[in-house]
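Every number for a ligand or one of its atoms is a count from 1 in the order of the listing. Quick caveat: nothing in here was measured; it's all calculated off a predicted structure.
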Amino acid sequence: MPASQTTNEEIAELFEHLGMMLEMKGDSAFKIRAYQRAARTIEELSFPLDQAVADGQKLTGIPGIGKAISEKIHELVTTGQVQTFERVKSELPEGALNLLAIPGIGPKTAVLIGTELGISTIEGVEQAAQDGRLASLPRMGKRAADSILRHIRASRSISSDRTPIGQALSIAEAAMAGLRERDAEISILTPAGSLRRWEETIGDVDLVAITPQPEELGRCLAELPQVREVLVNGPRKTSVIVDPGLQIDLRTGEAESIGAMLQYFTGSQQHNIRLRDFANRMGLSLNEYGITNVESGQVEVFPDEESFYARLGLPLIPPELRAGMWELEAAIEGRLPQLVEPLHLRGDLHLHSDWSDGSDPIETMVATVASMGYEYMALTDHSQGLGVANGLTPDRLAAQREVLRQLQERYDIRILAGSEVDIRSDGRMDFPDEVLAELDVVVASVHNAMSQDRETMTRRVIRAMEHPSVTIIGHLSTRLLGQRPPTDFDLEAVLQAARDTGTALEINASPERLDLKDTHAYRARELGIPLVISTDSHHHSHLSGGRFGVAVARRAWCEPQHILNTMPLDHFRRFITTPKPQRIKVFDDVVATAAPSVPNGHASSQAGA
Ligand code: DGT
Ligand code: CA
Ligand code: CA
Ligand code: ZN
């Protein structure tokens with residue numbers, strides 16, 4: 001009988017770890033692979049192994065599980081441990097297995113760190129990387145040690161419990177749809193908090209609602225099928241945890257006073273603190289129910305945020321700007337930006353078809369973009385590069401142009417010939433110059449060698465920008481929210497080079513990327529760099545995702561003229577057909593003729609300081 005329950009995952013992990021430990025010891029590659037294969041097989045089994053053992057089933061019939069492995073499974077399930085595993089572990093430095101969790105540390109290095117430095121924890125490695133001990137190890141050096149340090153820090157900031165906005169938004173929308181279905185009398189139901197401010201990651205979802213029977217609505221939320229746990233279920237507030245582990249706070253208010261509530265729970269906390277200071281100086285105090293005259297004690301209520309801000313003598317500050325930075329001062333001085341909106345976009349300049357790694361035919365993508373009312377688009381399938389994304393050879397690229405010419409006759413949208421060209425590890429382009437020169441739009445992106453050191457990566461990207469045919473740098477940092485850290489590069493140097501070479505920078509709207517991030521886009525706008533908002537769609541359903549990129553641009557205080565693809569087609573064509581770096585003037589002219597309402601942020605102009 002099984003000593004206790006042992007899951008397939010636990011069994012698979014044991015073999016995975018056994019394989020790694022044998023690798024540390026330099027054991028035979030054959031044995032190591034056998035354990036790794038067994039781990040894979042076990043992870044994918046559809047029945048519980050411990051039960052099979054208890055039932056006396058023969059395991060050796062399962063592919064990848066021979067006699068030796070079958071015996072170990074038996075041993076683990078019946079005794080709770082495996083002798084071989086314990087012995088191998090005892091022969092290795094303590095904690096060596098933990099160190100393998102750090103990207104950049106393989107089995108050999110883990111052993112070296114354990115034996116030479118006596119380190120058994122990730123924190124210990126971090127310390128050793130900082131004080132130089134790690135770099136002094138044989139075959140290590142400063143570069144490798146720095147890279148390990150970077151990985152440790154990045155994985156720490158990544159493995160936070162915040163949810164990327166793309167996921168949080170769909171979870172929130174599903175919950176809101178569920179509430180509307182159950183309560184037909186809801187008059188307002190809207191996100192507040194970081195979700196309404198379009199932060200890139202969300203701690204918890206805040207919702208604000210008006211309905212005649214608030215308690216009823218709270219109960220509806222608590223009863224949604226996706227709810228895993230109910231934390232609070234009160235008359236004004238209900239908090240739940242929904243799958244896969246995100247908190248939703250729902251608050252209800254009255255129609256005549258919802259303005260203050262929405263404002264209060266939209267935050268940010270920093271914005272609210274500054275606004276409260278500002279109001280205090282006028283003899284007023286703020287809370288979620290209204291604005292109180294401190295002297296008379298009289299409370300005024302507001303049906304919307306506009307009237308709330310107006311009572312303080314301020315225009316409505318868009319939620320994306322409520323970061324507690326310079327927005328209050330700009331509002332006081334009447335120079336809030338007229339932020340770019342989704343409707344301003346006239347083209348999408350980064351999208352893929354099934355010619356590379358997209359999943360739809362070119363025509364589906366063209367038809368969808370055309371149906372969205374856009375004036376132009378660039379098809380930018382991958383270059384041949386690493387081969388993983390089924391990148392195009394120059395021959396296939398030429399054949400694709402022929403297809404585009406035919407489609408052009410049937411669709412009322414200008415189809416530009418483009419490519420997303422790999423920036424090779426040394427900064428060279430993945431297509432010959434004469435191929436690139438033929439294209440209307442070249443998006444150049446880093447897709448490999450992402451752990452290059454700062455200097456190398458900076459040089460690499462700048463070299464790409466110096467190429468006369470490169471129109472736009474795609475997803476500059478290559479980060480994937482919650483999954484992959486950004487590359488290391490000198491932001492100021494890269495931005496300066498973008499400006500000097502007349503190269504545009506992409507705000508990649510894919511909710512997994514949001515790259516440029518808001519603060520980088522903010523700086524890019526300040527420096528006068530043309531920005532592009534593209535979806536990087538790999539499926540026609542992604543094409544509507546531009547809103548995420550627009551949100552980043554709005555958080556960067558961008559007005560329409562700061563975004564290249566808000567230009568009408570003829571204007572945009574003038575930009576791409578003017579040689580670099582002179583084309584920056586085409587952009588500058590547009591910015592100069594727009595109303596100058598966007599302030600440049602300086603520390604000295606910090607609001608509330
Ligand atoms: P999150 O959830 O970490 O992504 O960020 P927020 O801004 O959504 O923060 P949350 O959910 O704690 O609170 C929502 C808003 O409520 C926040 O932006 C400002 C407002 N608020 C009002 N009073 C407080 C308070 O005492 N503490 C905090 N943290 N927020 C408050
Ligand atoms: Ca929140
Ligand atoms: Ca909250
Ligand atoms: Zn792409």
Side-chain angles (χ1 to χ4, degrees), residues 160-165 167-169 171-172 175 190-209 221 231-232 234 236-242 246-251 261-262 264-272 288 319 322-323 348-360 365 377-383 385-386 388-392 418-423 430 441-448 471-480 506-515 532-539 542-543 545-546 549:
S160 74
D161 44 11
R162 301 183 63 81
T163 306
I165 186 164
Q167 265 163 271
L169 186 62
I171 291 171
T190 173
S194 51
L195 189 59
R196 182 161 181 245
R197 303 195 310 275
W198 293 83
E199 298 257 1
E200 62 187 38
T201 61
I202 305 301
D204 65 20
V205 170
D206 300 281
L207 300 177
V208 167
L221 177 64
L231 305 174
V232 183
R236 290 271 162 229
K237 177 179 173 182
T238 302
S239 289
V240 298
I241 309 276
V242 294
L246 180 62
Q247 181 170 335
I248 300 184
D249 292 342
L250 169 70
R251 294 182 183 81
M261 175 168 268
L262 193 52
Y264 183 86
F265 289 112
T266 295
S268 68
Q269 207 177 350
Q270 214 49 40
H271 172 82
N272 287 359
E288 69 224 75
R322 301 184 199 168
D348 195 336
L349 300 171
H350 185 168
L351 53 101
H352 300 268
S353 74
D354 60 5
W355 281 54
S356 65
D357 61 348
S359 40
D360 281 321
M365 300 302 279
M377 60 164 274
L379 183 69
T380 56
D381 274 316
H382 287 281
S383 61
L386 308 167
V388 285
N390 190 24
L392 274 58
S419 173
E420 180 178 16
V421 183
D422 261 3
I423 303 175
D430 190 36
V441 173
V442 173
V443 178
S445 319
V446 167
H447 289 112
N448 70 333
T471 326
I472 304 163
I473 299 293
H475 50 68
L476 178 62
S477 85
T478 78
R479 73 157 176 188
L480 294 177
E506 172 183 271
I507 295 175
N508 190 296
S510 160
E512 280 116 63
R513 293 189 183 268
L514 303 183
D515 185 7
V532 165
I533 299 173
S534 295
T535 60
D536 196 0
S537 293
H538 287 71
H539 186 266
H542 301 164
L543 288 163

Asker: For Ser510 and Asp536, test the side chains for any donor-to-acceptor distance below 3.5 angstrom and give the result as yes or no.
Answerer: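 No - no donor-acceptor pair under 3.5 Å links their side chains.
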Asker: Would you say His475 reaches the Zn ion (ligand 4) with an N/O/S atom under 2.8 Å?
Answerer: no
Asker: Quick check for you: to the nearest 0.5 Å, what is the distance between Thr471 atom OG1 and His350 atom NE2?
Answerer: 12.5 Å
Asker: Is there a side chain to side chain donor-acceptor pair (under 3.5 Å) between Gln270 and Asn272? Walk through the geometry before answering.
Answerer: CA-CA 5 Å; Gln270 214 49 40; Asn272 287 359; over 6 Å; no
Asker: Is Asp204 close enough to the Ca ion (ligand 2) to have an N, O or S atom under 3.0 Å?
Answerer: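 Checking the Ca ion (ligand 2) against Asp204, an N, O or S atom does fall under 3.0 Å.
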Asker: Of all N, O or S atoms in Glu420, identify the one at the shortest distance from the Zn ion (ligand 4).
Answerer: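 Output for this pair reads OE1.
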Asker: Restricting to N, O or S atoms of Asp249, which is nearest to the Ca ion (ligand 3)?
Answerer: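 This residue's closest N, O or S atom turns out to be OD2.
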Asker: When you draw lines from the Zn ion (ligand 4) to OD1 of Asp536 and to NE2 of His350, what angle lies between them, to the nearest 10°?
Answerer: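 Approximately 80° at the metal, rounded to tens of degrees.
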Asker: Specify which N/O/S atom of Asp206 comes nearest to the Ca ion (ligand 3), by atom name.
Answerer: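 Per the distance ranking, Asp206 contributes OD1 as its closest N/O/S atom to the Ca ion (ligand 3).
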Asker: Does the ring centre of His382 sit less than 6.0 Å away from the ring centre of His447?
Answerer: yes
Asker: With the threshold set at 4.0 Å, does a side-chain nitrogen-carboxylate oxygen contact exist between Glu200 and Arg479?
Answerer: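 A salt bridge is present here (some side-chain N lies under 4.0 Å from a carboxylate O).
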